[in-house]
Amino acid sequence: MDTTSRPAPGELVFRDAVESDAEALVALIESAYRGDSSRAGWTTEADILEGRRTDSEGVLAVVTDPDSRLLTVERDGELVACCQLEHRGDAAYFGMFAVRPGAQGGGLGKVIIAEAERLAREMWKVREMHMTVISVRDDLVAWYERRGYRRTGRMTPFPYGDERFGIPQRDDLQFELLLKEL
């Protein structure tokens, strides 16, 4: 009899990313936000940004940073989502959130963000979760507001000219800080 615990079919498995996950994570993040494949989900940025959203170096920087965790989420052995948590004093930063386009819209994102908030509270005893969202992404901002995040009106400029963040298709992009008390 096998006594090892295996996840039930369809059960989500959360684990910290390791360096060997980098390429699969880049592919997941790109599929959720850029290019035609991202249009299968609702989180696409394809109409406002072209080019890459991240690369292996960016993913590895998060994986190897002692103040960060890059959570992977697997279902039936397949990578379906990820998110970054970074300890920043009394707050945690939530970023690099991606759900495979075909898995979007079914409640998976709600489960993942709730788990990320729980982990941040338990690991770092933080009182707030922060994130930045491109301010023109009204549908995405509204989704986070339904999860208890609030707009702060605090903006930072989009890094025009730095293709590591994509190639803007409009000239009014900026990041807004959203926060939630935990």
Side-chain angles (χ1 to χ4, degrees), residues 12 14-19 21-22 24-26 28-34 38 41 43-45 48-49 52-73 79-100 104 108-160 162-166 168 173-182:
L12 297 179
F14 291 82
R15 67 170 176 82
D16 286 334
V18 294
E19 291 181 31
D21 292 322
L25 287 164
V26 168
L28 169 67
I29 293 164
E30 294 296 314
S31 77
Y33 290 97
R34 301 290 164 80
S38 70
T43 61
T44 185
E45 295 173 340
I48 60 172
L49 290 161
R52 300 206 51 137
R53 184 142 200 276
T54 193
D55 56 23
S56 292
E57 292 77 26
V59 168
L60 288 171
V62 174
V63 170
T64 59
D65 182 338
D67 290 324
S68 285
R69 293 177 71 176
L70 187 53
L71 290 178
T72 64
V73 185
L79 179 65
V80 294
C82 68
C83 67
Q84 169 194 11
L85 291 172
E86 182 180 324
H87 189 204
R88 296 183 177 177
D90 288 340
Y93 178 79
F94 179 81
M96 215 175 272
F97 187 28
V99 175
R100 184 173 309 285
Q104 292 177 16
L108 184 57
K110 292 181 218 177
V111 172
I112 294 165
I113 200 167
E115 177 66 4
E117 292 165 356
R118 184 192 69 77
L119 286 170
R121 275 192 310 270
E122 288 184 9
M123 287 185 305
W124 299 316
K125 310 296 185 227
V126 294
R127 297 186 304 232
E128 288 183 338
M129 184 77 86
H130 294 184
M131 70 175 70
T132 55
V133 177
I134 297 173
S135 62
V136 299
R137 296 287 320 277
D138 294 330
D139 53 346
L140 188 58
V141 171
W143 187 87
Y144 284 121
E145 287 178 317
R146 290 191 300 274
R147 312 276 93 65
Y149 287 80
R150 66 177 175 82
R151 298 184 90 150
T152 64
R154 287 186 265 174
M155 304 291 185
T156 54
F158 187 87
Y160 285 91
D162 186 343
E163 290 190 10
R164 291 177 304 159
F165 295 90
L173 302 182
Q174 56 186 342
F175 293 107
E176 183 173 5
L177 175 67
L178 305 183
L179 63 84
K180 178 180 181 177
E181 298 206 11
L182 297 179

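No hydrogens, no waters, no symmetry mates; every other heavy atom, side chains included, goes into these values.
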Assess whether a salt bridge exists between R154 and E176, defined as any Lys/Arg side-chain N lying under 4.0 Å from an Asp/Glu carboxylate O.
no
Checking the side chain of R100 only, and the main-chain atoms of L79 only, is there a donor and an acceptor separated by less than 3.5 Å?
yes
From CZ (R121) to CZ (R127), nearest 0.5 Å
14.0 Å
Apply side-chain contact (heavy atoms from CB on, under 4.5 Å) to the pair M123 and L85, showing each step before the final yes or no.
CA-CA 10 Å; M123 287 185 305; L85 291 172; 4.1 Å; yes
Is the shortest side-chain N to carboxylate O distance from E128 to K180 below 4.0 Å?
no
Can you find a heavy atom in the side chain of F175 that is under 4.5 Å from one in the side chain of M155?
no
On a heavy-atom basis, the closest approach of I134 and F158 is CD1-CE1, 4.4 Å
Let me confirm one number: the CZ-CG distance from R151 to L177, rounded to the nearest 0.5 Å.
11.5 Å
Between A120 and L182, which heavy-atom pair has the shortest distance, and what is it?
CB-CD1, 4.5 Å
For residues R69 and L119, report the shortest heavy-atom separation together with the two atoms involved.
NH1-CD2, 4.1 Å
Would you compute the distance between atom OG1 of T72 and atom CZ of R15 and round it to the nearest 0.5 angstrom?
3.5 Å
Would the distance check show the side chain of R147 and the main-chain N or O of W143 forming a donor-acceptor pair, the cut-off being under 3.5 Å?
yes
Any side-chain heavy-atom pair from R150 and T152 closer than 4.5 angstrom?
yes
One should read off an interatomic distance between R118 CZ and F14 CZ, to the nearest 0.5 angstrom, of 9.0 Å
Looking at D162 and P159, would you say the former's side chain and the latter's main chain have a donor-acceptor pair under 3.5 Å?
no
All heavy atoms of L49 vs all of P168, minimum pair found to be CD2-CA, 3.6 Å
Looking at every heavy atom in both V26 and S56, which two are closest together, and how far apart are they?
CG2-N, 3.5 Å
Salt-bridge criterion met for E163 and R52 (N-O under 4.0 Å)
no
Heavy atoms only: give me the nearest Y144-L178 pair and the separation to one decimal.
CB-CD1, 3.9 Å
d(K125 NZ, H87 NE2) to nearest 0.5 Å is 10.5 Å
State, yes or no, whether a side-chain contact exists between V126 and D90 at a heavy-atom distance under 4.5 Å.
no
Taking atom CD of E122 as the centre, does the number of heavy atoms from other residues, nucleotides or ligands within less than 6.0 Å exceed 12?
yes
With a 4.5 Å heavy-atom cut-off, do C82 and F97 have their side chains touching?
no
Any sub-3.5 Å donor-acceptor pair from E30's side-chain atoms to R53's backbone N or O?
yes
Is a side-chain donor-acceptor pair under 3.5 Å present for Y93 with T132?
yes
Minimum side-chain heavy-atom gap S135-Q174 below 4.5 Å
yes
Less than 4.5 Å apart, any side-chain heavy atom of M129 and any of L179?
no
Any heavy-atom pair between the side chains of Y33 and T54 that's under 4.5 Å?
no
Would you say the side chains of E86 and Q84 form a donor-acceptor pair under 3.5 Å?
yes
Side-chain heavy-atom pair L70, V59 within 4.5 angstrom cut-off
yes
Sidechain-backbone polar pair: Q104 side chain, V99 backbone, donor-acceptor under 3.5 Å
yes
Whether the side chain of S31 engages the backbone of L28 through a donor-acceptor N/O pair (distance < 3.5 Å, no angle test) should be reported.
yes
Atom pair CZ (F165) and CD (E45), whose distance is rounded to the nearest 0.5 Å
12.0 Å
